[in-house]
Amino acid sequence: MAVLFLAPTESPSRWAAELRKHLPELDLRVWPDIGDPHDIEEALAWHPPAGVLGTLPNLGLVAALGAGVDHLFADPAFPLEVPVVRLVDPYMTAAMSEYVQLQVLRLHRHDIDYLAQQREEVWRERPQPNAAERRVGVLGLGNLGSDAAVRLRVTGFDVAGWSRRPRKLPGIQCHHGADGLAALLARSEILVCLLPLTPETAGILDRRLFAALPRGASLVNCGRGGHLVEADLVPALDGGQLSAAVLDVFQDEPLPPGHPFWRHPRIVVTPHAAAATHAPTAAAILAENLKRRRAGRPLLNRVDPTLYY
Ligand code: GLV
């Protein structure tokens, strides 16, 4: 029984060392040196090359090395009958919530304006509402979105959230469904996107959505680049419907040289760095799922392939 490591951007030796702390006998095969494909029963994958997973006759589990699984289902030959688990790691959840707090506070406290003013040697104080008077909306109330929403609430923001299915979170106005989305947008001065990327959510951050926000609202996208219709963002910023955008994810990553987002004065770019996978904590969670599969016990964080999360 062997595990295939199919994550071309990750260091296999680092992962092997962390995984062997929990599974000392682990037979880890690093793609493309997989040996006999019949040996492979489990795969650890991150942006796997298309077509590979569909060629493994005894594959019984695909575990993603990150929170999102859109990269798996992007492969047209992905074996949909094989169980998929995504990584839900409290370490990463905390990292994402730190990022969301940082960026929401930056927007709330006019940090982009003050940095621009400093470059121009301008001394001008901006309005300073209290967090309780700032309405923040969070799109997506899964593990990441709900933790970020609750922590924003603890900081004092007036927080609402939206998810496909009804949710209940302490101190958060939870909306769902199409009507719920309109209600959330109408009140959100700062909108944070932490949705999974699915056929339903692709392109959700578009001109129409921006028009449904209060004028001058701002956006934090730390979901996926595919959520944003990139061509709609600069016109919304230049026309004043949006006042700023903080983006961690992009259609093409790395963001190509010369892309208009790099130098736009109302856009902050971070390099898909909001919440990186942390191998020491992630390895324990991945190993637990491998052990569960081998023992025939229920898997943790199993993905519903019809929902994409
Ligand atoms: C990162 O983008 C992840 O999905 O973990």
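Quick caveat: nothing in here was measured; it's all calculated off a predicted structure. Whatever order the structure lists them in is the order used to number ligands and atoms, beginning at 1. Below, each value reflects all heavy atoms present in this structure, side chains not excepted, and no hydrogens, waters or symmetry copies.
The existence of a salt bridge linking Arg292 and Glu288 is confirmed by a sub-4.0 Å separation between a basic side-chain nitrogen and an acidic carboxylate oxygen.
A 4.5 Å side-chain heavy-atom check between Ile40 and Val3 finds every atom pair outside the cut-off.
For Gln117 (side chain) and Arg124 (main-chain N/O), a donor-acceptor pair under 3.5 Å exists by modelled atom type.
For ligand 1, the protein residues within 4.0 angstrom (heavy atoms only) are Trp46, Gly66, Ala67, Gly68, Met92, Arg224, His272.
Between Tyr91 and His278, the ring planes are parallel. Angles under 30° get that label, and only those over 60° would be called perpendicular. Classified by interplanar angle (parallel below 30°, tilted 30° to 60°, perpendicular above 60°), the ring pair Phe78/Phe73 is perpendicular.
Checking each of Leu233, Asp238, Leu247 against His264 for a side-chain contact (heavy atoms from CB on, under 4.5 Å) leaves exactly one that passes, namely Asp238.
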